[in-house]
Amino acid sequence: MVSKLSKNHKILCTSRNYREVVELSKIKNINPKLIGKHGGSTKEGKLHSSIQRMEHLLDEIVKFSPDLTVSFCSPEAARISYGIGIKHVAFSDSPHAEAVMRLSVPLVQKLLIPWVIPKNEFVRYGISKNNIIHYKAIDASVIVREKSRIEMINVDRSKKTIVIRPEESEAAYILGKTESDNIIYEASKEDNPYNIIVLARYASQKNRLKEKFGKKVIIMDKVVDGKSLLTITDLFIGSGGTMTAESALMGVPTISYDAAPNYIEKYLVRIGLVKRETNPKKISILVKKMLNKNKVNKKKARMVLDSMEDPYLKLVEMIKKI
C-alpha cells in the first residue's frame, strides 16, 4: 500500500523501531522513519514507550502536515490525528487486541476489516457500524500475492522441513503464554527425521530458545521474508496469526495452536486450509499424519486466494469519500 500510494501522493511512512519491521523494511525496500520503540512485555514499558513515541511523532506530523492518516489501528496515530484534526482511516483484523482497539477505534473516521469478522466485534469499542467497511480478503492474501524476491534458505533438502513460529509473547493479549516451547520440545525430541526451523519474533525470544534447545533445532538468526521460508516448508506450525494464514493460502500443510483465538484462524480452519491442535503431544502425532498423507490441496488454496479482493481498492474508495 505504501508503494502504491507513493505513486500519486506524498507519503510519510513511520514505524516503531521494532526488530521484525526494521529488517523486513530492508528486504522490501521500504524506508520508514523510525520513531520510538516497542515497549516490551510490561504495562509500564508499553505506556512509557507510547507516551515518548507520541511526543516525537507529533513534531514530525506537524512538520509534514498530512491531509489523511492511514494506520493499522495505531493508538499513537489515532490520538495525534484526533488531537490536531486529521482524518484517519484504519485497518484491523484483530478485535482480540483489546488494549489497542480501545485506544484507537473510537477516534478513527473509517475502519476497514476482513469480511469474516462481524462488525459488532468493533462496534463495542466505540465506532458506529456505518463507519466500518468490510473487504473480501484476509490480510495475508496481499502478502501471498505480492511479487517478492525469493531468498535461498540453506537446509538439508533430503529431509522434510517443519517451520515453527512462536507466539507474540510480548503482545498485551498474550503476555506470559509460551505454549510454543512445549511444541518445539515435542517436535525435536528423540531422533526426529526433520529439519525443524524456529522463526522467533524478538531477539530475547531467539536467545532464550537457542539456550533452551541448542542444536536440536535451527533458530533463524535473522529476520527472513516469510514467503522465502514457506517455499521450502513441508509443514508449518503457527500461533494462528498472519504467518499461519500466509502459509495456508500458499497451500502449505498448516497447524495452528491457536495462541490468540481469532476470526481469521477460525475461517481457515472451517474451510479446511488449517488444522487446529493445542496439545503439544497431539501436534507431534498430527505432524506425522499430515506429512505422510494429508497434503493440503494447493489448488483449493489458490481458489480461495483468487476469490479475494485487493483491500487497497477499498482504501482508495475511502480516501475519495472522506
Side-chain angles (χ1 to χ4, degrees), residues 91-96 112-118 121 134-151 153 155 157 159-165 167 180 183 187 194-197 199 224-279 282-314:
F91 283 87
S92 181
D93 63 354
S94 312
H96 56 279
L112 280 65
I113 67 170
W115 90 111
V116 293
I117 306 175
E121 285 294 305
H134 274 141
Y135 52 86
K136 193 179 186 297
I138 58 178
D139 295 0
S141 65
V142 179
I143 304 167
V144 172
R145 280 202 186 110
E146 184 186 41
K147 284 179 185 168
S148 55
R149 183 174 52 83
I150 301 298
E151 186 185 341
I153 291 164
V155 291
R157 296 303 285 143
K159 292 181 179 180
K160 300 259 182 168
T161 297
I162 298 170
V163 172
I164 301 175
R165 177 75 156 158
E167 56 277 278
S180 57
I183 293 164
Y194 316 120
N195 300 309
I196 296 175
I197 298 176
L199 187 60
V224 294
D225 171 46
K227 221 167 163 185
S228 296
L229 190 54
L230 289 169
T231 53
I232 57 134
T233 300
D234 296 292
L235 185 135
F236 179 82
I237 303 172
S239 62
T242 306
M243 205 165 172
T244 302
E246 196 181 335
S247 170
L249 291 176
M250 283 177 68
V252 176
T254 302
I255 297 171
S256 163
Y257 57 90
D258 203 24
N262 65 83
Y263 281 92
I264 305 299
E265 190 261 10
K266 282 177 190 164
Y267 163 73
L268 292 166
V269 169
R270 191 172 70 243
I271 64 171
L273 288 182
V274 170
K275 299 270 187 195
R276 183 192 296 133
E277 183 50 74
T278 56
N279 181 307
K282 288 182 180 174
I283 286 174
S284 210
I285 296 162
L286 189 56
V287 164
K288 286 171 189 159
K289 274 189 192 169
M290 288 175 74
L291 283 174
N292 292 334
K293 296 177 192 169
N294 301 341
K295 286 284 178 191
V296 169
N297 190 336
K298 282 193 184 283
K299 194 175 172 185
K300 183 178 182 180
R302 172 49 62 183
M303 280 170 60
V304 171
L305 186 63
D306 287 347
S307 73
M308 294 182 183
E309 66 178 332
D310 183 352
Y312 175 73
L313 300 175
K314 276 281 194 286

TODO: Side-chain contact test, heavy atoms from C-beta onward, threshold under 4.5 Å: evaluate it for Arg157 versus Val155 and give yes or no.
DONE: yes
TODO: Rounded to the nearest 0.5 Å, what's the gap from CZ on Arg270 to OH on Tyr263? Could you check?
DONE: 10.5 Å
Open item on the list: Are Leu291 and Pro253 packed together at the side-chain level, in the sense that at least one heavy-atom pair is separated by less than 4.5 angstrom?
Closed with: no
Task: Side chain proximity check, Lys288 to Tyr194, heavy atoms < 4.5 angstrom - done: yes
Task: Those residues that, when tested against Thr161, pass side-chain hydrogen bond (donor to acceptor under 3.5 Å, both in side chains) (two or more places apart) - done: Asn195
- [ ] Using atom types as modelled and distance alone, determine if a side-chain donor or acceptor of Lys275 lies under 3.5 Å from a backbone N or O of Met290.
- [x] no
Task: Spacing of Glu309 atom CD and His134 atom NE2 [to the nearest 0.5 Å] - done: 11.0 Å
TODO: Would you confirm whether Tyr257, through its side chain, and Glu167, through its main-chain N or O, come within 3.5 Å as a donor-acceptor pair?
DONE: yes
Task: Under the side-chain contact (heavy atoms from CB on, under 4.5 Å) test, residues paired with Val144 that sit two or more places apart - done: Glu246, Leu249, Met250, Leu305
- [ ] Of all the heavy-atom pairs spanning Leu229 and Thr233, show the shortest one and how long it is.
- [x] O-OG1, 2.7 Å
Task: Flag if over 12 foreign heavy atoms under 6.0 Å of CZ, Arg302 - done: no
TODO: Measure the spacing between CE of Met243 and CG of Leu230 and express it to the nearest 0.5 Å.
DONE: 4.0 Å
Task: Candidate list Lys266, Glu277, Glu265, test side chain to side chain donor-acceptor pair (under 3.5 Å), partner Ser256, passing option - done: Glu265
TODO: Test side-chain contact (heavy atoms from CB on, under 4.5 Å) on Val287 and Ile237 and set out the steps.
DONE: CA-CA 9 Å; Val287 164; Ile237 303 172; 3.9 Å; yes
- [ ] Check whether any side-chain heavy atom of Ile138 lies under 4.5 Å from a side-chain heavy atom of Asp93, and answer yes or no.
- [x] no
Task: Inter-residue atom distance Asn262.CG - Glu121.CD, 0.5 Å rounding - done: 11.0 Å
- [ ] Output the distance between atom OG (Ser94) and atom CD1 (Ile113), rounded to the nearest 0.5 Å.
- [x] 11.0 Å
Open item on the list: To the closest 0.5 Å, what do you measure between CG (Asp225) and OG1 (Thr231)?
Closed with: 8.5 Å
TODO: Answer yes or no: is there a side-chain heavy-atom contact under 4.5 Å between Leu273 and Thr254?
DONE: no
Open item on the list: Is any side-chain heavy atom of His96 closer than 4.5 Å to one of Pro261?
Closed with: no
Task: Heavy-atom side-chain proximity of Ile264 to Pro114 below 4.5 angstrom - done: yes
Task: Flag if over 12 foreign heavy atoms under 6.0 Å of NZ, Lys282 - done: no
Open item on the list: Tell me the closest heavy-atom pair linking Asp258 and Arg276, and the distance in Å.
Closed with: OD2-NE, 3.5 Å
Open item on the list: Is any side-chain heavy atom of Ile117 closer than 4.5 Å to one of Pro95?
Closed with: yes
